[in-house]
Colleague: 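Okay, here's the structure, questions in a sec.
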Amino acid sequence: DAGITQSPRHKVTETGTPVTLRCHQTENHRYMYWYRQDPGHGLRLIHYSYGVKDTDKGEVSDGYSVSRSKTEDFLLTLESATSSQTSVYFCAISESKLGYEQYFGPGTRLTVT
Amino acid sequence: AQSVTQPDIHITVSEGASLELRCNYSYGATPYLFWYVQSPGQGLQLLLKYFSGDTLVQGIKGFEAEFKRSQSSFNLRKPSVHWSDAAEYFCAVAPRTDKLIFGTGTRLQVFP
């Protein structure tokens, strides 16, 4: 298995609070991604990174920001959490430019009350 | 716009029976095609992929998939299902100038 960890694995937070999720990899892969998984929607891309300090938006980026100051870490921040952001969040990594052959972390279950 | 359709939300089969999960895509050219599996509480694991060449591809855990250009399909098959195959299965496509697009998933239930 690819060396990808996510922290925390579970989190409950209140509406309006900021939340940061961390993805850490030991594979030295260049590309990193954040997805959210919701019933009936599959996985939807939030943000991705193609290198240190190089990030871009995915299809559902509103309300989220990311940072990547080191190759191994990719942080996802919910600036002010809302109930609609209750979801399971997955980090993925990839060596390749077009984003295929992605390897996924175990996920973080976030509940916003 | 590119899209991926998995028409079956939930499938139930008996252990030992054959399985086929459907996947159709909408894209002008042939994209890269993937099947991922997600066991309960886990992340996604790549089962197999198609880039080019032989349209029948073999994957892990005894799965195979066949690419049919004329039908824009990439269906996943297994000749004999095991109880441990119970999971959610995602088809994904990567249009050759863009990122992965996932289908909404098919949940497989296996009865003994």
Side-chain angles (χ1 to χ4, degrees), chain A residues 1-10 21 23-25 27 29-50 54-61 74 87-110, chain B residues 1-10 21-27 29-52 57 59-61 65 67 74 76 87-107:
Chain A
D1 291 343
I4 311 170
T5 56
Q6 293 184 231
S7 58
R9 294 292 314 278
H10 301 271
L21 309 182
C23 176
H24 178 79
Q25 61 147 326
E27 304 297 320
H29 284 3
R30 180 177 173 185
Y31 300 90
M32 298 185 75
Y33 309 82
W34 276 108
Y35 292 90
R36 59 178 290 174
Q37 183 179 29
D38 304 289
H41 291 277
L43 278 80
R44 294 179 291 175
L45 182 65
I46 305 171
H47 282 280
Y48 64 103
S49 168
Y50 40 95
D54 286 325
T55 64
D56 206 346
K57 295 178 180 181
E59 65 173 307
V60 290
S61 59
F74 192 31
S87 187
V88 181
Y89 291 85
F90 287 98
C91 173
I93 64 174
S94 174
E95 287 185 285
S96 60
K97 180 178 180 179
L98 292 181
Y100 44 88
E101 297 191 71
Q102 294 184 11
Y103 301 94
F104 285 79
T108 294
R109 182 172 296 277
L110 176 67
Chain B
Q2 301 93 357
S3 66
V4 181
T5 301
Q6 293 182 248
D8 303 306
I9 296 173
H10 186 201
L21 303 182
R22 296 183 290 165
C23 174
N24 293 95
Y25 65 89
S26 172
Y27 182 61
T30 300
Y32 300 128
L33 298 157
F34 308 84
W35 275 100
Y36 283 85
V37 61
Q38 183 182 30
S39 297
Q42 304 294 315
L44 278 71
Q45 181 183 20
L46 180 66
L47 279 176
L48 48 77
K49 59 183 183 278
Y50 173 78
F51 289 172
S52 64
V57 294
I60 61 171
K61 304 177 187 265
F67 167 60
F74 189 56
L76 182 71
E88 189 152 20
Y89 292 80
F90 292 93
C91 180
V93 301
R96 300 199 177 204
T97 58
D98 210 338
K99 300 164 286 296
L100 271 180
I101 301 170
F102 285 87
T104 52
T106 297
R107 181 166 298 279

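Throughout, a chain's letter reflects where its sequence line sits, starting with A, and its residues are numbered from 1.
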Colleague: Measure the spacing between OH of A:Tyr33 and CG of B:Leu100 and express it to the nearest 0.5 Å.
Modeller: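 These two atoms lie 7.5 Å from each other.
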Colleague: Hey, is CZ on A:Arg44 packed in by over 12 heavy atoms from elsewhere, all under 6.0 Å?
Modeller: yes
Colleague: Could you tell me which portion of B:Gln6 (side chain, backbone, both or neither) has an atom closer than 4.5 angstrom to a non-hydrogen atom of chain A?
Modeller: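 Contact with chain A: none, neither part.
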Colleague: Which atoms of A:Leu45 are under 4.5 Å from chain B, going by heavy atoms: the side chain, the backbone, both sets, or neither?
Modeller: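 Only the side chain of A:Leu45 comes within 4.5 Å of chain B.
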Colleague: Evaluate the criterion side chain to side chain contact (heavy atoms under 4.5 Å, CB included) for residue pair B:Leu47 and B:Tyr36; output intermediate values, then yes/no.
Modeller: CA-CA 5 Å; B:Leu47 279 176; B:Tyr36 283 85; over 6 Å; no
Colleague: Do B:Val93 and B:Tyr32 make a side-chain contact, defined as non-hydrogen atoms from C-beta onward lying under 4.5 Å apart?
Modeller: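 Sidechains of B:Tyr32 and B:Val93: no contact.
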Colleague: Heavy-atom cut-off 4.5 Å, strictly under: side chain, backbone, both or neither for A:Gln37 against chain B?
Modeller: side chain
